[in-house]
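Start at 1 with the first residue, then count along the sequence.
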Amino acid sequence: MKVILPGGSGQIGRILAREFVSRGWDVVVLSRRADTKRNTSAVRFVPWDAKNIGPWSEQIDGADVVINLAGRSVDCRYNQANRRAILDSRVESTRIIGRAIRSAKNPPSLWLQSSTATIYAHRYDAPNDELTGIIGGEEENVPDTWRFSIDVAKAWEDAATEFELPHTRIVLLRSAMVMSPDRGGVFDVLLRLVRLGLGGTSGDGRQYVSWIHDADFIAAIDWLIEHRELDGAVNLCSPHPLPNRDFMRTLRKSWGVPIGLPATRWMLEIGAFFLRTESELILKSRRVIPARLVESGFQFKFGDWTEAADELCRRRRV
């Protein structure tokens, strides 16, 4: 199997590359900062600018799967310059991947395109699935930064679906936060707060947290590769999102920390400002469920947060 990972230098790309290499698959990572000295017989790093067709596009021709992960991190302040970089890096890279696939003599049979569960509305009343979920953007009394994230998600998906690719199946990966013990990921950040005694309730704690264990994320990618009847938008998340209050309490228990100081909304806004990030990442209620995966027969190994948190903490201690 030959897999192309545009933007594969980030945490999710490293998780996938590590797994695919262990199987003996041929992995090509497209990166703006590609270092060919890191090339091995199993992983090759190929430079690209994520905007223009170049020699990198030869890797697309004859590949089995493309998993596009490219895009500037959203862990920043949403000023004008960063907003433009976040939007352009996603839309431009997606369009150039589409062009490369369309031009290939032997196009890949599958294009897995990153998206985000943030595309759904902020809500508490019911979960969002792919068929009945409410796409966000029209909610009242939500910050402008929240609307921006939704607009980016829509544009990201539109960039992929504007192509007619008769020989390539396109799946939009509406992913929740991938929980992995690797350094630098979201679990690492949350666990650091817990270890410092700061892992209490955020805001009023009612906002739902959607998440997926890294083992289930990998298994879901495999499932999508194997099940050719699945295309379009697919939610990659645990079937059991839970309120922030319960989410953090469970993580504290798994690590063995009895208490965690809570943070009010105004405290989070100030902290986000000094950390040069946005409070949306914590305060928006992301109540998302993977209806299409479940209905197709996919079974989660870590669908419950208690079991997932215990396993992640054990791996982190090791």
Side-chain angles (χ1 to χ4, degrees), residues 5-7 10-13 15-16 65-74 86-87 89-91 93-94 97-98 110-123 126-139 146-163 169-180 185-186 207-214 216-225 227 229-242 280-281 284-296 298 300 302-303:
L5 296 175
Q11 185 207 15
I12 304 303
I15 290 172
L16 291 176
V65 182
V66 173
I67 308 177
N68 184 21
L69 306 168
R72 189 203 191 282
S73 172
V74 296
I86 289 170
L87 178 62
S89 65
R90 283 159 174 74
V91 172
S93 62
T94 300
I97 288 293
L110 177 60
W111 175 10
L112 297 177
Q113 171 58 45
S114 287
S115 182
T116 172
T118 298
I119 198 170
Y120 293 109
H122 167 80
R123 63 190 299 195
N128 289 304
D129 63 23
E130 299 93 337
L131 298 178
T132 65
I134 301 173
I135 300 298
E138 302 302 325
E139 304 101 314
W146 296 22
R147 298 185 192 279
F148 165 72
S149 295
I150 293 167
D151 290 341
V152 168
K154 292 177 181 177
W156 206 1
E157 293 190 357
D158 289 344
T161 55
E162 70 183 38
F163 292 94
R169 176 168 53 101
I170 303 176
V171 178
L172 305 171
L173 306 175
R174 291 180 177 172
S175 300
M177 296 184 293
V178 179
M179 297 295 171
S180 160
V186 63
Q207 70 275 23
Y208 275 80
V209 179
S210 284
W211 57 277
I212 185 169
H213 189 284
D214 62 339
D216 285 327
F217 180 81
I218 293 169
I221 294 296
D222 285 336
W223 187 266
L224 292 170
I225 292 173
H227 287 73
E229 73 277 10
L230 291 172
D231 61 6
V234 176
N235 293 343
L236 267 60
C237 54
S238 160
H240 302 297
L242 68 168
E280 176 216 14
L281 303 175
K284 180 176 178 178
S285 184
R286 294 172 171 84
R287 192 175 183 183
V288 183
I289 58 173
R292 296 193 66 199
L293 277 179
V294 172
E295 289 170 0
S296 68
F298 181 80
F300 285 82
F302 297 100

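- Listed by chain and residue number, His213 satisfy the ring pair (Phe, Tyr, Trp, His ring centres under 6.0 Å) test with Phe302 (two or more places apart in sequence, or in another chain).
- With Ile12 as reference, Val178 is the one residue of Leu5, Ile221, Asp214, Val178 to meet the side-chain contact (heavy atoms from CB on, under 4.5 Å) rule.
- Gln11 is not listed as a side-chain neighbour of Leu69, based on a closest heavy-atom distance of 4.5 Å or more.
- Side-chain contact between Pro6 and Val66 is present, with at least one heavy-atom pair separated by less than 4.5 Å.
- Note: Ile67 CD1 to Ile97 CD1 = 11.5 Å, rounded to the nearest 0.5 Å.
- No donor-acceptor pair under 3.5 Å is formed between the side chain of Thr118 and the backbone N or O of Ile150.
- Taking the side chain as every heavy atom from C-beta outward, Glu130 and Tyr120 approach each other to under 4.5 Å.
- In this structure a side-chain-to-backbone donor-acceptor pair under 3.5 Å is missing from Arg123 to Ser285.
- The shortest side-chain heavy-atom distance between Val294 and Phe300 falls under the 4.5 Å cut-off.
- Glu229 and Ser296 are not linked by any side-chain donor-acceptor pair at a separation below 3.5 angstrom, with hydrogens and angles left out of the test.
- Of all the heavy atoms in Pro290 and Ser238, the pair that sits closest is CD-O, 3.6 Å.
- Considering only heavy atoms from C-beta on, Pro241 comes within 4.5 Å of Ile289 through its side chain.
- Contact check for Leu236 versus Leu224: side-chain heavy atoms found under the 4.5 Å cut-off.
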Val186 and Trp211: CA distance, side-chain angles, deciding distance, side chain to side chain contact (heavy atoms under 4.5 Å, CB included) verdict: CA-CA 10 Å; Val186 63; Trp211 57 277; over 6 Å; no
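- Contact between Ser93 and Ala70 at its shortest, heavy atoms only, is OG-CB, 3.6 Å.
- Remark: Arg174 CZ to Ile119 CD1 distance equals 4.5 Å, nearest 0.5 Å.
- Distance check: Asp216 CG to Cys237 SG gives 10.5 Å after rounding to the nearest 0.5 Å.
- Rounded to the nearest 0.5 angstrom, Asn235 CG and Leu172 CG are separated by 10.5 Å.
- Without hydrogens or angle criteria, Arg169 side chain to Leu230 main chain gives a donor-acceptor distance under 3.5 Å.
- Contact check for Gln207 versus Arg286: no side-chain heavy atoms found under the 4.5 Å cut-off.
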Verdict with reasoning, Ile170 to Asp231, per side chain to side chain contact (heavy atoms under 4.5 Å, CB included): CA-CA 6 Å; Ile170 303 176; Asp231 61 6; 6.0 Å; no
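- Residues Trp156 and Gln113 have side chains in contact (heavy-atom distance under 4.5 Å, counting atoms from C-beta outward).
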Would you sort out whether Phe163 and Thr94 count as a side chain to side chain contact (heavy atoms under 4.5 Å, CB included), showing the intermediate values? CA-CA 10 Å; Phe163 292 94; Thr94 300; 5.8 Å; no
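- Contact detail for Ala153 and Ser115: the closest heavy-atom pair is O-OG, 4.4 Å.
- The CD1 atom of Ile212 lies 10.5 Å from the CE atom of Met179; values are rounded to the nearest 0.5 Å.
- Relative orientation of the Trp223 and His227 rings is parallel, given thresholds of 30° and 60° on the angle between their planes.
- Atoms CG and CG, on Asp158 and Asp151 in that order, are 10.5 Å from each other to the nearest 0.5 Å.
- Scanning all heavy atoms of the two residues, the minimum distance from Asp129 to Leu131 falls at OD1-N, 3.0 Å.
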